[in-house]
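I have placed the structure first, in the form of structure tokens, so that the comments after it can refer back to it.
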Amino acid sequence: MRIATWNVNSVRSRIDRVMGVLERHDLDVLLLQETKCRDDQFPMLDLAAKGYELAHHGLNQWNGVAIISRVGIEDVAVGFPSMPGFGEPIAPEARAIGATCGGVRVWSLYIPNGREIDHPHYHYKLDWLSRLRDDATGWLADDADAQILLAGDWNIAPTDDDVWDVAFFEGRTHVTAPERAAFQAIVDAGFSDVVRPFTPGPGVYTYWDYTQLRFPKKQGMRIDFALASPALASRVTDAMIDREERKGKGASDHAPVVVTLD
DNA sequence: ATGGTTGTATAACAA
């Protein structure tokens with residue numbers, strides 16, 4: 001079984017690349033973030049022809065998360081139970097969707113960006129991660145053998161090796177101590193990064209800004225992660241970051257992250 | 001040069 005996560009940055013503008021990623025990696029499950037469309041706008045025709053089912057949660061042009069699966073989609077959950085909204089008045093956001101696919105509970109997660117340190121969105125980001133940690137801790141408490149994958153765009157570089165220049169990020173989000181602590185708290189709850197052992201750093205990234213020729217200059221960030229529960233982590237036999245997908249005209253600014261299970 | 005690029009509800013936007 002093979003599962004990938006990818007911040008696609010608009011599924012409508014990149015459906016051909018989505019089909020290519022599914023085929024190239026022989027994916028059973030693809031978790032997407034930033035689909036940037038409502039449920040009724042999702043381009044499903046080619047996917048259905050290839051035997052894939054869809055669970056999508058999209059409300060507007062900004063967010064949107066999806067699960068594409070050819071091994072079934074059961075018990076779909078729109079958001080995790082304690083997930084907070086954002087804004088004034090507080091509005092729900094399409095940043096998490098969960099389902100059981102082929103016996104694995106998968107979550108496609110689009111963690112809030114944070115925008116700027118101490119911006120209201122930054123505090124929302126930390127609250128969002130704290131509530132995810134609390135819920136995920138409960139899932140493992142209910143069933144220590146649960147096979148759960150928390151995967152997506154975390155908008156956090158957990159270590160200095162995960163950014164191209166530490167000095168550049170001073171005073172910016174994604175690398176601050178509270179964000180890194182929030183990420184580590186989920187690791188401490190029992191969810192381990194199953195990709196890093198197969199893609200050791202530094203200099204290994206999943207995201208490159210569109211501007212400033214960041215990709216050809218190899219100036220990226222590792223911010224997309226697949227965190228697995230203990231029972232699922234023990235099944236992982238391989239993982240890779242599909243840097244090739246970032247090349248060429250019409251690429252997303254993120255690369256797919258692919259995990260292979262026994 | 002608070003600059004560049006890309007997405008879409010084309011905005012005094014979000015990423």
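Protein chains get the first letters and strands the later ones, always in sequence-line order, with residue 1 at the start of each. The model shown is predicted, which means the values in this text are computed figures rather than measured ones.
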Inset, instruction - Name the nucleic acid region contacted by A:Arg95, choosing base, sugar-phosphate or nothing; use a 4.0 angstrom heavy-atom cut-off, strictly under. - result: sugar-phosphate
Legend entry - Ring-face cation of A:Arg222 near A:Phe225 (centre distance under 6.0 Å, axis angle within 45°): no
Inset, instruction - Under 4.0 Å between any heavy atoms, over every strand shown, what does A:Tyr110 touch: base, sugar-phosphate, or nothing? Just pick one. - result: sugar-phosphate
Inset, instruction - Would you classify A:Arg38 as touching base, sugar-phosphate or nothing, given that sugar-phosphate means primed atoms plus P, OP1 and OP2, and contacts are heavy atoms under 4.0 Å? - result: nothing
Inset, instruction - Please state how far atom CD in A:Glu34 lies from atom P in B:dA14, giving the value in whole angstrom units. - result: 13 Å
Inset, instruction - Could you say whether A:Ala251 or A:Asn63 is positioned toward the 5' end of DNA chain B, judged by the nucleotide with the nearest heavy atom to each? - result: A:Ala251
Inset, instruction - May I ask you to decide whether A:Glu245 forms a salt bridge with A:Arg24, counting only side-chain N to carboxylate O separations under 4.0 Å? - result: yes
Legend entry - Euclidean distance for P, B:dT2 against B:dA15 (whole angstrom): 22 Å
Inset, instruction - Grab the stems for DNA chain B, please: at least three consecutive Watson-Crick or wobble pairs, both distances below 3.5 Å, written as range with range. - result: B:5-7 with B:13-15
Inset, instruction - Starting at atom OH of A:Tyr207, determine the distance to atom C1' of B:dT5, rounded to an integer number of angstrom. - result: 10 Å
Legend entry - Side chain of A:Arg115 - closest among B:dG7, B:dA9, B:dA15: B:dA15
Legend entry - Rounded interatomic separation in angstrom, taking CD1 from A:Ile111 and P from B:dA15: 13 Å
Inset, instruction - Assign each of A:His254 and A:Tyr210 to its nearest nucleotide of DNA chain B by heavy atoms, then name whichever residue's nucleotide is nearer the 5' end. - result: A:Tyr210
Legend entry - Under-4.0 Å side-chain N/O to phosphate OP1/OP2 contact, A:Arg12 with B:dG7: no
Legend entry - Proximal nucleotide (of B:dA15, B:dA9, B:dG4) relative to the A:Thr211 side chain: B:dG4
Legend entry - Close aromatic pair by centroid cut-off 6.0 Å: A:Trp128 and A:Tyr110: no
Legend entry - Charged N-O contact under 4.0 Å between A:Arg2 and A:Asp28: no
Legend entry - Nearest-Å distance once atom C1' is located in both B:dA9 and B:dC13: 10 Å
Legend entry - Separation of the P atoms in B:dA1 and B:dA12, to the nearest angstrom: 25 Å
Legend entry - Name of the residue among A:Asp127, A:Thr173, A:Thr176 meeting side-chain hydrogen bond (donor to acceptor under 3.5 Å, both in side chains) with A:Tyr122: A:Thr176
Legend entry - Nearest-angstrom distance from the residue atom NZ of A:Lys36 to P of B:dG7: 8 Å
Inset, instruction - Output yes when at least one side-chain N/O atom of A:Arg214 is less than 4.0 Å from OP1 or OP2 of B:dG4, else no. - result: no
Inset, instruction - Could you tell me whether A:Asn60 contacts a base, only the sugar-phosphate backbone, or nothing, with contacts defined as non-hydrogen atoms closer than 4.0 Å? - result: base
Inset, instruction - May I ask you to decide whether A:Lys217 forms a salt bridge with A:Asp209, counting only side-chain N to carboxylate O separations under 4.0 Å? - result: no
Inset, instruction - Would you mind reading off the distance between A:Asn7 atom CG and B:dT6 atom P, rounded to a whole angstrom? - result: 16 Å
Legend entry - A:Met221 CE - B:dA15 P separation (whole Å): 14 Å
Legend entry - Among A:Thr5, A:Asn63, A:Asp153, the one residue meeting side-chain hydrogen bond (donor to acceptor under 3.5 Å, both in side chains) with A:Gln33: A:Thr5
Inset, instruction - For B:dT2, take OP1 and OP2 only and decide whether either is under 4.0 Å from a side-chain N or O of A:Arg172. - result: no
Inset, instruction - Ignoring the backbone of A:Gln41, work out which of B:dA15, B:dG7, B:dA9 is nearest its side chain. - result: B:dA9
Inset, instruction - Provide, to the nearest angstrom, the distance between the CG atom belonging to A:Asn113 and the P atom belonging to B:dG7. - result: 18 Å
Inset, instruction - For A:Phe86 and B:dA15, give me the distance from atom CZ to atom C1', rounded to whole Å. - result: 14 Å
Inset, instruction - Mind checking ring-ring contact (aromatic ring centres under 6.0 Å, His included) for A:Phe215 and listing every partner two or more places apart, or none if nothing turns up? - result: A:Trp208
